[in-house]
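In the text below, chain A, chain B and the rest are named by the order of the sequence lines, each starting its count at 1. Source: prediction; values computed, not measured.
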Number of protein chains: 2
Amino acid sequence: MSTESGSGPVNVAGVLRVATTRTMRRLRAVGARRITLTQLSAMASIQAAGELTLGELAAREHVQPPSMTRVITTLHDYGLVTRKSDPNDGRQVLVSLTDKGHEILAEEARTREAWLADQIKDLSEEDKQTLVEASLILMRLIGE
Amino acid sequence: MSTESGSGPVNVAGVLRVATTRTMRRLRAVGARRITLTQLSAMASIQAAGELTLGELAAREHVQPPSMTRVITTLHDYGLVTRKSDPNDGRQVLVSLTDKGHEILAEEARTREAWLADQIKDLSEEDKQTLVEASLILMRLIGE
DNA sequence: TATTGTTATACTCTATAACTATA
DNA sequence: TATAGTTATAGAGTATAACAATA
């Protein structure tokens, strides 16, 4: 967990934790106020899958089913997702995006990331590459 | 905001947002259940400063004063921080860690980061370095 | 009057436990 | 009886608006 560098051993986990915590706070604070980060993330997963059960979605997002029920209920109230019973197994609920959901997802993703993208745009190509690589390492690390 | 690479332009902000969101979820979920990430982060800032006002602390943590009041109230209830009026300006509240606070901070930081550190330990030195560099770029980007 | 912090209020995110419906 | 999802409940984290105390 320690990496030697110019100034001695580095607590990688600690540095990463602080950076992640503060980046999340900023991303939340900067939000467009219509769709939350959690909802956006869920919608992105639904879009990627096309259609999937609530349980699968909860697993992919690493949250418990009751948490996902809430997210989906809100998105359904907004008219952004559809829910229907699986014809083969009435216990399961199949979730997908509505047309409006696809539109809003694209629009929100742009708006939501505008601030971050704006900070990033002046970075060197090398720094951008570092951020992308670190993101990929993280996704691998946390199992997604 | 786009970085050309082998497979075309990359949405750096988007990739980073997803990675950050999921890493935070994992870090919260893995927590030791006594002290939260927010409290831990506040305590680390207090320790770094030695003693500081509630307002300064809120600014460093990028939260509003009422949010920090809550965090400090909880930590005070736990006996981990002291609050006293600034003798030179009765409006201000000076916050510092108690002995127990220092102990718990050290212990919690270890426990809390253990999971992440465990994932990280098998990475190549190069990947570790990438995570550290990305963290530093992020901290610079979000203004801390 | 301006500043610092607190209280009141509200909303999101998340979890666990208990319940319902279906298999 | 086992599984998928929902409802009930609770606590953390955060914000804005209104207030109190001090300068």
- [ ] Please lay out, stage by stage, how B/Leu123 and A/Val12 fare under the test side-chain contact (heavy atoms from CB on, under 4.5 Å).
- [x] CA-CA 11 Å; B/Leu123 291 178; A/Val12 183; over 6 Å; no

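- Listed pair A/Arg83 / D/dT6 meets the phosphate criterion, a side-chain N or O lying under 4.0 Å from OP1 or OP2.
- Distances from the side chain of B/Thr53 to the nucleotides C/dT7, C/dG5, D/dT7 place C/dG5 closest.
- In this structure, CD of A/Glu61 is placed 17 Å from C1' of D/dG5, rounded to the nearest angstrom.
- For the pair B/Met68 CE and D/dA12 C1', the interatomic distance rounds to 14 Å; values are reported in whole Å.
- Without hydrogens or angle criteria, B/Thr98 side chain to B/Leu80 main chain gives a donor-acceptor distance under 3.5 Å.
- Per the geometry, NZ belonging to B/Lys84 stands 22 Å off P belonging to D/dA21, to the nearest Å.
- Of all nucleotides listed (D/dG13, C/dT14, D/dA4), C/dT14 comes nearest to the side chain of A/Val63.
- Closest-nucleotide positions on DNA chain C for A/Asp86 and A/Val71 were compared, and the one nearer the 5' end corresponds to A/Val71.
- Between the side chain of B/Arg22 and the main chain of A/Met139, no donor-acceptor pair closer than 3.5 Å is present.
- Spacing between atom CE of A/Met24 and atom P of C/dC13 amounts to 10 Å, rounded to whole angstrom units.
- In this model, the phosphate group of C/dT14 is approached by a side-chain N or O of A/Thr38 to a distance below 4.0 Å at OP1 or OP2.
- When rounded to the nearest whole Å, the span between CG of A/Leu37 and C1' of D/dG13 equals 14 Å.
- Between B/Glu125 and B/Lys128, at least one side-chain N (NZ, or NE/NH1/NH2) sits under 4.0 Å from a carboxylate O, which counts as a salt bridge.
- The phosphate of D/dG13 (OP1 or OP2) has a side-chain N or O of B/Gln39 nearer than 4.0 angstrom.
- A close approach under 4.0 Å does occur between a side-chain nitrogen or oxygen of B/Arg25 and OP1 or OP2 of C/dT14.
- Listed pair A/Ser67 / C/dA15 meets the phosphate criterion, a side-chain N or O lying under 4.0 Å from OP1 or OP2.
- Between the side chain of B/Ser135 and the backbone N or O of B/Leu131 there is at least one donor-acceptor pair closer than 3.5 Å.
- Taking 4.0 angstrom as the limit, B/Thr69 places none of its side-chain polar atoms (N or O) nearer than this to OP1 or OP2 of C/dG5.
- Residue B/Thr73 is classed as having no contact, given no heavy-atom separation below 4.0 Å to the nucleic acid.
- For the side chain to side chain donor-acceptor pair (under 3.5 Å) test, no residue two or more places apart in sequence or in another chain qualifies with A/Ser85.
- Of the candidate nucleotides D/dG5, C/dG5, C/dA8, C/dA8 has the atom lying nearest to any side-chain atom of B/Pro66.
- As a whole-Å value, the separation of B/Asp89 CG from C/dT3 C1' is 8 Å.
- Counting distance only, with no hydrogens placed and no angle test, the side-chain atoms of A/Arg70 and the base atoms of C/dT12 include no donor-acceptor pair under 3.5 Å.
- We find that CZ of A/Arg91 is positioned 8 Å from P of D/dT3, with the value rounded to whole Å.
- In this structure, CD1 of A/Ile72 is placed 15 Å from P of C/dT12, rounded to the nearest angstrom.
- Listed pair A/Thr74 / C/dT12 fails the phosphate criterion, with no side-chain N or O lying under 4.0 Å from OP1 or OP2.
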